[in-house]
Protein chains: 4
Amino acid sequence: MNLPTKRKEMMNRLLKGQVVKTVLAMIQEGTSITMDQVAARCGVSKGTLYNYFKNKKDLLNYVHEAVITPIKKGSSKIFKKNIPPMEKIYAFVGNVFDFQREYPLYFKFIQSQRSAADAVTERMDVVIIPLVNVCREGMRQGQFMDADPYVMAAMIFGSVVGPFESLTYRDEPLQDLEKLKQEIVRFLDKCILKEQERSS
Amino acid sequence: MNLPTKRKEMMNRLLKGQVVKTVLAMIQEGTSITMDQVAARCGVSKGTLYNYFKNKKDLLNYVHEAVITPIKKGSSKIFKKNIPPMEKIYAFVGNVFDFQREYPLYFKFIQSQRSAADAVTERMDVVIIPLVNVCREGMRQGQFMDADPYVMAAMIFGSVVGPFESLTYRDEPLQDLEKLKQEIVRFLDKCILKEQERSS
Amino acid sequence: MNLPTKRKEMMNRLLKGQVVKTVLAMIQEGTSITMDQVAARCGVSKGTLYNYFKNKKDLLNYVHEAVITPIKKGSSKIFKKNIPPMEKIYAFVGNVFDFQREYPLYFKFIQSQRSAADAVTERMDVVIIPLVNVCREGMRQGQFMDADPYVMAAMIFGSVVGPFESLTYRDEPLQDLEKLKQEIVRFLDKCILKEQERSS
Amino acid sequence: MNLPTKRKEMMNRLLKGQVVKTVLAMIQEGTSITMDQVAARCGVSKGTLYNYFKNKKDLLNYVHEAVITPIKKGSSKIFKKNIPPMEKIYAFVGNVFDFQREYPLYFKFIQSQRSAADAVTERMDVVIIPLVNVCREGMRQGQFMDADPYVMAAMIFGSVVGPFESLTYRDEPLQDLEKLKQEIVRFLDKCILKEQERSS
DNA sequence: TATGAATGAGACTTCATTCAT
DNA sequence: TATGAATGAAGTCTCATTCAT
């Protein structure tokens, strides 16, 4: 790789990174994503944007990938690990808390920029189906309670992701996320594990 | 009420009903909602649409109301009833199953047509907060397990609504919704009630 | 003329009169003239309006005629009279004051509903040209000062019609229109008549 | 200022100037001003128009400013000068003749694009009220005849601006505007000044 | 004849995309 | 390669006019 190419590569990453940050900020704010606005807030011209992205859809796909990749990676790493199923659940909780900012952002992104159908599909592929498999595994190994794995997976997803949405609606604000995490883990234990398997 | 007024009233309902059906179908499909398209698919001209709705926002609000009103009504009736907390949870499950089509539609609607913030707010006000209150009530009365009520409410919501989304993703399709309902109820029993309170 | 025809004729006049009043009021208010609004304010349906007027242009023409006809009549009667030229000027002043409401209305009408060119043409035909002729007559008879008759006519028009527009802009409001009229007449005397012809 | 900015600035002026010319021509013709038509006659696309003007109102305001600014400037310069009142009147006549094209255009513009009320207000503020003040000054100094200053101002305005409108209606066309100006000045002298003040 | 719901041409405006510089 | 002016398709909305009842 020669110098100019290196330089180009750097510019490429710099700008694309800026685009991701900008678009996510705009989604957070609820402002509508126009190429004009993205260009202006990235400090480049609209034309330049089109040198880096084929079109708007391409740009949004890039942002989407940028958001989902770390989450996906974390998830797949967890679910592929050779550890007991309940450990996978704990790891999943940890992952969601680690990406406490990216998670809602990701959902906001697919909600606002993709069709509802796409949003569901993605959630299924990335989170629910793997969770279903973990539940099945846990049941097969006799550690998890018997239940419809799809119901159990939905329960897990709800219990872990849902509380983040209600954070600002609590009567008495919760400062310590660590405490919330422990609450969730304790709760999942009781809902998932057979009694004899529970530590507490 | 004289005849012409009656007739007009009927037409009014007919068209507005048609609009609701059409818009929901379009959201389902993921096609973007334009006044042109809505008019065309309702078999009327664009102008006619504007005789019935002040503007696009008004039209979407109408659809929103049409979807949310029965759900809200059902919800508030349940949560105001003077019955044991767990009965309220059962009734809530029943309500979601009764509106098995409207529920996801409703969430798709607010996701696609409103800001993400609005979507969350609505979900909070209509479902989560009442569920939180029911959980608090159950805990105070000693029937529910001790837990963070927000976590428990999120769990309930996830367990009841989530499975509908995964219906089409199941390995072996589930024909009998009644069975799913029983599964969910059984599962909620185990997650919510203290052991001595459980029937089974 | 049989009864039903008579009745029809009456309805015709009644509605058309109402339309004239309504349209003029709307022009006065500065609200935009739509067939919907005219119909509503006349207490009839839009369809009915189209039974009485071929189209909007036709309706506006009717209003125009209704406003201009009395003014025109008054004017032409004055200018055709066999009286000394200065008497015609006095009569013109009287006519403008008699139609103190209709005059500005008329000008507002042609300004808002017709092209600027039409407005000028009408003013020329109805007022300026006759005034020019009176001035010429007065000069020929040796009673009026020598001047360009078009300038003198413009002066007369300005002096008589202009003050109505400035009524609300006066430092100290003028209640008595009669006094204004005398001021104008006195002023015109000095501007138009040769000195030996002046009464005062 | 660097080259591209200079260039842009030039284009900016070129197009905006073209727009002013076009809109005034359309008003002159009596054709209705639509963004489509303005764009077409300026040889640009509708979108381009919106790159230069925020919206239609903004565009019309620009045209309005372009027409009124030179007139206003000329007027205010005259009326603020420290010269005898009659000299101000002469200067006013000169100004109107200098802007012989812009003056009627200006009035046509506000008549066709603004409410009648606005049109009157503008005429009052820009021309009549200053004239009223000059008349008062002249009367106080004993050079002008005693009269209602509002009537005298209206007379002056009518005498100076009116003849332009009747130009094309004259029996024998007047080629020499200088002659008309002298006629008007001579006429105003007789109408405004006390006899002992007149030069002729 | 009266009604007013339906119509659709046409107005204003936005914004993704192109392209000359 | 960067720029941003120009473009025009597509969207929202208004309103004069028609026509079935």
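On a predicted model such as this, the values are computed, not experimentally measured, just so you know. Every chain is numbered from 1, with letters handed out A, B, ... down the list of sequences.
- Summarising the geometry, the separation between CG on C:D36 and P on E:dT3 is reported as 14 Å, rounded to the nearest angstrom.
- With values rounded to the nearest 0.5 angstrom, A:H64 atom NE2 is found 12.5 Å from A:K57 atom NZ.
- Sorted by residue number, the members of residues 48-57 of chain B with any non-hydrogen atom under 4.0 Å from DNA chain E read B:T48, B:N51, B:Y52.
- Whole-Å rounding puts the D:R13 CZ to F:dA5 P distance at 16 Å.
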Show me the side-chain donor-acceptor pairs of residues 15-26 of chain B shorter than 3.5 Å, one per line, residues at least two apart or across chains.
| unit_1 | atom_1 | unit_2 | atom_2 | d |
| --- | --- | --- | --- | --- |
| B:T22 | OG1 | B:Q18 | O | 2.7 |

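- Scanning both residues, B:N12 and B:Y52, for their nearest heavy atoms gives OD1-CD2, 3.1 Å.
- Following rounding to the nearest Å, A:L14 (CG) and F:dA2 (C1') show an atom-to-atom distance of 16 Å.
- Nearest approach of A:I68 to A:E122, heavy atoms of both residues: CD1-OE1, 2.8 Å.
- Of the two residues near DNA chain F, C:G47 and D:V44, the one whose nearest nucleotide lies more 5' is D:V44.
- Heavy atoms of D:T34 sit under 4.0 angstrom from primed sugar atoms or phosphate atoms, though from no base atom.
- Counting non-hydrogen atoms under 4.0 angstrom, D:I33 reaches the backbone sugars and phosphates but no base.
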Report summary line: Given Watson-Crick and G-U pairs under 3.5 Å, DNA chain F in dot-bracket ([ ] crossing, | other strand) is .||||||||||||||||||||
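- Between the NZ atom of B:K16 and the P atom of E:dA5 there is a distance of 12 Å, rounded to whole Å.
- Side-chain to base pairing of A:K46 with F:dT3: no donor and acceptor N or O lie closer than 3.5 Å to each other.
- The interatomic distance linking A:L59 (CG) with E:dC15 (C1') rounds to 14 Å, in whole Å.
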